[in-house]
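Here is the structure we will look at.
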Amino acid sequence: MKQSWNQSSMKHENKRLVLQQIIAEEPISRADLSKRCGLNKATVSSLVAELMDDSLVKEAGIGESSGGRRPVLLYFSREAGYALGLNVEAVTVEAALTDLRGTIIAQETFPAGDTAYDSTLRTMEEALDWAQRVVPASAHGIIGVGVAVPGVIDHSGTVLNAPNLQWRDRPLKHDLENRMKLPVMIENEANAGAYREYQTRSDAFENLVYISIGTGIGAGIVLNGSLYRGQNGYAGEIGHMTLDFQGPRCTCGNSGCLELYASEPALVEKATEAGLEDCKDFDSLVNSAGKGDELALSLFTEAGRALGSGVVSAIHAYDTKHIIIASRGGEWMKIAVRDTVRKKALPHYRDDLDLVFLDTPAASLGVSGLVVDEFLKERKGFEKVRE
């Protein structure tokens with residue numbers, strides 16, 4: 001007898017509920033699952049059996065008895081599959097292979113050579129080849145590929161505009177799925193970083209703004225426990241916030257954008273103009289600051305003031321006390337950022353502000369986590385792409 005749509009949908013939602021509870025509270029017994037989920041024991045046992053058949057749940061160990069037989073404990077099978085996260089930057093593709101819990105299995109960086117779309121696609125295929133060589137044997141193998149891109153992404157996975165890559169209207173999800181024969185998820189790189197921080201910080205909270213500084217500057221926003229993408233998926237372009245409407249021309253077409261004052265290329269350009277010796281790239285500038293070079297330090301301080309103004313706007317706009325800044329030069333900007341926020345933010349916004357600096361971006365890990373979430377939410381959607 002066929003199940004009705006409602007019966008099928010309810011069963012699917014119950015299975016998701018049971019799996020989420022196991023992930024959140026492992027190890028856990030079937031009896032405790034029944035209590036937590038509000039489902040009868042027979043239903044829980046049936047759903048657990050299906051999850052075990054799908055290799056997503058396993059039995060391991062015996063719990064304490066509460067009067068009857070000692071219960072068998074259930075665990076989430078984090079090694080049942082693996083996700084590949086790719087972070088596309090101007091001249092590299094950073095790859096991270098993780099298990100279903102987000103634990104890093106392997107990481108690698110692949111030189112892209114240039115920002116041309118076709119050559120970057122080939123670099124991403126090279127990253128997948130690498131992942132397929134190093135991935136451990138598992139029931140589901142590589143479940144999908146997540147790609148973090150510094151640009152505006154629509155709901156179909158098309159890159160509408162990535163100014164620093166010089167990409168416009170590129171159907172990245174479509175093109176990669178055709179090439180890789182795997183499910184592909186495309187996400188803005190700052191959104192991906194924000195998701196990673198939300199998922200992994202021990203002092204879990206519902207709202208945060210994650211600011212990523214690299215070739216450009218973007219923000220990922222978590223509101224009420226969910227990524228906020230805006231009506232069309234374009235939220236978070238903080239790098240194109242205007243600091244000076246009479247300032248220099250930006251790649252986006254506007255003038256005086258934050259990226260022109262605090263991004264990595266902007267700092268390198270200012271260092272070159274100032275005659276800083278041995279400043280070939282951003283790494284050289286960071287090294288100079290680390291050695292105490294006064295000119296390099298002054299450039300980072302100036303950039304920190306500009307960034308601090310952007311942070312103040314983010315605090316005022318989103319009313320969050322959690323601001324996370326990912327920048328390889330954050331160590332040399334953080335004093336200026338904090339001073340600017342303290343001076344410019346309204347008092348009731350800056351009270352208890354949690355301003356954190358990271359020296360490495362989390363985009364590749366974040367987008368890998370988003371792939372895992374999608375896989376666990378709707379396995380059938382992923383299976384269709386593989387067929």
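- No more than 12 heavy atoms of other residues, nucleotides or ligands sit less than 6.0 Å from atom OH of Y228.
- By the salt bridge (Lys or Arg N to Asp or Glu O under 4.0 Å) test, E187 pairs with R229, sequence neighbours left out.
- Sorted by first and then second residue, the pairs that involve residues 33-43 and meet salt bridge (charged side-chain N to carboxylate O under 4.0 Å, His left out), not counting sequence neighbours, are E25-R36.
- Every side-chain contact (heavy atoms from CB on, under 4.5 Å) that S45 has, sequence neighbours left out, goes to R30.
- With hydrogens and angles ignored, the 3.5 Å screen pairs no side-chain donor or acceptor of S77 with any backbone N or O of A80.
- For the side-chain contact (heavy atoms from CB on, under 4.5 Å) test, residues two or more places apart in sequence or in another chain that qualify with I335 are D339.
- The side-chain contact (heavy atoms from CB on, under 4.5 Å) search around S313 returns M241, not counting sequence neighbours.
- Of the possible polar contacts, none joining the R170 side chain to the N161 backbone as a donor-acceptor pair under 3.5 Å is found.
- Identified under the salt bridge (charged side-chain N to carboxylate O under 4.0 Å, His left out) test for residues 237-265, with sequence neighbours left out: E264-R328.
- With rounding to the nearest 0.5 Å, the separation of CG in L17 from CD1 in I22 is 10.0 Å.
- Side-chain atoms of H140 come within 3.5 Å of backbone atoms of D54 as a donor-acceptor pair (strictly under, hydrogens ignored).
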Contacts table for residues 104-114: side-chain donor-acceptor under 3.5 angstrom, sequence neighbours left out:
{"from": "D114", "atom 1": "OD1", "to": "A116", "atom 2": "N", "distance (Å)": "2.9"}
{"from": "D114", "atom 1": "OD1", "to": "S119", "atom 2": "OG", "distance (Å)": "2.7"}

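- Applying the salt bridge (Lys or Arg N to Asp or Glu O under 4.0 Å) rule to E126 yields no partners; only residues at least two apart in sequence or on another chain are considered.
- Looking at residues two or more places apart in sequence or on another chain, you find a salt bridge (Lys or Arg N to Asp or Glu O under 4.0 Å) between R179 and E125.
- Sorted by first and then second residue, the ring pair (Phe, Tyr, Trp, His ring centres under 6.0 Å) pairs involving residues 163-191 (not counting sequence neighbours) are Y117-W167.
- Remark: the S255 side chain and the Q246 side chain contain no N/O donor-acceptor pair separated by less than 3.5 Å.
- Annotation for Q166: atom CD does not count as buried by contact number, only 12 or fewer foreign heavy atoms lying within 6.0 Å.
- Remark: the K173 side chain and the S156 side chain contain no N/O donor-acceptor pair separated by less than 3.5 Å.
- At distances below 3.5 Å, at least one donor-acceptor pair connects side-chain atoms of H12 with backbone N or O atoms of K377.
- In this structure Y318 satisfies the ring-ring contact (aromatic ring centres under 6.0 Å, His included) test with no other residue, sequence neighbours excluded.
- Among residues two or more places apart in sequence or in another chain, the salt bridge (Lys or Arg N to Asp or Glu O under 4.0 Å) test is passed with R305 by none.
- Around atom CD of E273, more than 12 heavy atoms belonging to other residues, nucleotides or ligands sit under 6.0 Å away.
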